[in-house]
Amino acid sequence: MIKGQQITVLGAGIGGLTAAVALAQRGADVTVLERAPEISEVGAGLQISPNGVRVLDALGLGDTARRRAMRGRGVWLRDGVSGREVIDFAFDNVAPDATFLLFHRADLIDLLAEAAQSAGAKIRCGVTVRAVKPTRADPLVEVEGDAPCSMGFVVGADGLHSVLRPALNGVRKPVFTGQVAWRAVVPATGREQAEATIFMGPGRHMVTYPLRDGLLINIVAVEERSAWADEGWNHTDDPENLRRAFSGFCDDAQALLERVDRVHLWGLFRHPVALEWHRGHTALLGDAAHPTLPFMAQGAVMAIEDAYVLANCLDSEGPEQGPALYQALRRPRVERIVEAANKNARNYHYANPLARRVGHGALRLAGRLAPQKVFGRFGWIYNADVTRL
């Protein structure tokens, strides 16, 4: 039902480009508008869990994705201070049929941009959209330097600072969580394993995993503190601040932090899931609809799922009825994932030494007796297949 339909996607991030692929493959006339002068990504890693890989497979991108990413081998939880293992979820044991991919963000962006253009989508960079005014039919889009005009159906995949979200939901200030996060990419030594490692400590934790055939290590480090930082990924910080915050961590963690020569810092804020995801010929997806904290590694994957479901709904029900079906299918799931991410930080940050010993001890015991059962708590996330809705 969308063959030939003009669709404008705001934002050339993971969600926007996935939407462009899915919509263009269904015959829509897709244009992606990106504020940046070119599609480029600073160094950062992404974990794409099996629910996201299924979407890439359905779009015909699975083989290329597997070539350009590393396959994750597990998740290793360690006490950050002592370095002692808490539990090791080796995927061959707990999820042998599942595919977890470890991507450099730039590599996934390139893959999706190439696929979108191959499917017929157009990508215009250096375009700043000032406002979107939803109407009963096609909305009016105001681009900097031009008069407002219709650009067909508009998909707001423009992230935390979306211009479409406030047009649908008004403005609501986010709440600072009392946590900040650093991210960095460092050279690998060759000794690191192809798995995500989580160093858990009092009031802080650090996640690391390899990228690009093990040549790089991605680091995300989170600290609880009252002094807040601006939201957004691109605020630089002094690496010494990161090293001081984690100075009490074990030697393996220190060896990674010593290699950090450039680091970015951002404040973690809790945003409500948007009440209204669509109006007229508009729809939100990804962070524009439901920003999530990075404690379940599902932010990018939820945008990928959104994009596929939106394209399917528009194709099956058309631009009049499709957006409502899309919201009905997606909102309950993302609300549950956002809440799971909110809770997961507490599991990493035991400040009380006794509570930490008890909590880590319980996980160790469960890991010995029934690791599949422990990992299976996340089956509702990883086993989902939105391509079969």
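The basis for the numbers below is simple: all heavy atoms, side chains too, and nothing from hydrogens, waters or symmetry mates.
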Inset, instruction - Apply salt bridge (charged side-chain N to carboxylate O under 4.0 Å, His left out) to the pair Arg165 and Asp158, showing each step before the final yes or no. - result: CA-CA 9 Å; Arg165 176 175 171 135; Asp158 45 347; over 6 Å; no

Legend entry - Test item: side-chain donor near acceptor, Ser49 and Gln298, under 3.5 Å: yes

Legend entry - Heavy-atom closest pair, residues Leu242 and Ala221: CD1-CB, 3.7 Å

Inset, instruction - Report yes if the side chains of Ile14 and Leu112 come closer than 4.5 Å at any heavy-atom pair, otherwise no. - result: yes

Inset, instruction - Salt-bridge test for Arg68 and Asp110: reply yes if a basic N is under 4.0 Å from a carboxylate O, no otherwise. - result: no

Legend entry - Basic-acidic side-chain contact under 4.0 Å: Asp385, Arg388: yes

Inset, instruction - May I ask you to say whether Arg330 pairs ionically with Glu305, meaning some side-chain N is under 4.0 Å from a carboxylate O? - result: yes

Legend entry - Side-chain ion pair, Arg279 and Glu320, N-O less than 4.0 Å: no

Inset, instruction - Verify side-chain hydrogen bond (donor to acceptor under 3.5 Å, both in side chains) between Arg67 and Thr64, making sure each step is shown before the conclusion. - result: CA-CA 5 Å; Arg67 288 195 299 271; Thr64 305; 3.2 Å; yes

Legend entry - Residues Arg212, Asp107: salt bridge by 4.0 Å N-O rule: yes

Inset, instruction - Check whether any side-chain N or O of Arg377 sits under 3.5 Å from a backbone N or O of Val374 as a donor-acceptor pair, and report yes or no. - result: yes

Inset, instruction - Give the C-alpha distance, both sets of side-chain angles, the deciding distance and a yes or no for salt bridge (charged side-chain N to carboxylate O under 4.0 Å, His left out) between Arg66 and Asp57. - result: CA-CA 10 Å; Arg66 287 167 175 80; Asp57 284 338; 2.8 Å; yes

Inset, instruction - Give every residue pair that meets the ring pair (Phe, Tyr, Trp, His ring centres under 6.0 Å) criterion with at least one member in residues 294-313, sequence neighbours excluded. - result: His205-Phe295

Inset, instruction - Heavy atoms only: give me the nearest Asn51-Ile381 pair and the separation to one decimal. - result: CG-O, 3.3 Å

Inset, instruction - Using the test ring-ring contact (aromatic ring centres under 6.0 Å, His included), find all partners of Trp277 that sit at least two apart in sequence or belong to another chain. - result: His290, Tyr326

Inset, instruction - Verify whether the ring centers belonging to Phe246 and Phe199 lie closer than 6.0 Å. - result: no

Inset, instruction - Indicate yes or no for a side-chain donor-acceptor contact from Arg333 to the backbone of Leu329 under 3.5 Å, with no hydrogens or angles considered. - result: no

Legend entry - No-hydrogen, no-angle side-chain donor-acceptor test under 3.5 Å, Arg26 and Asn312: yes

Legend entry - Arg78/Asp252 salt bridge by N-O under 4.0 Å criterion: yes

Legend entry - Carboxylate-amine/guanidinium contact Glu240 Arg243, below 4.0 Å: yes

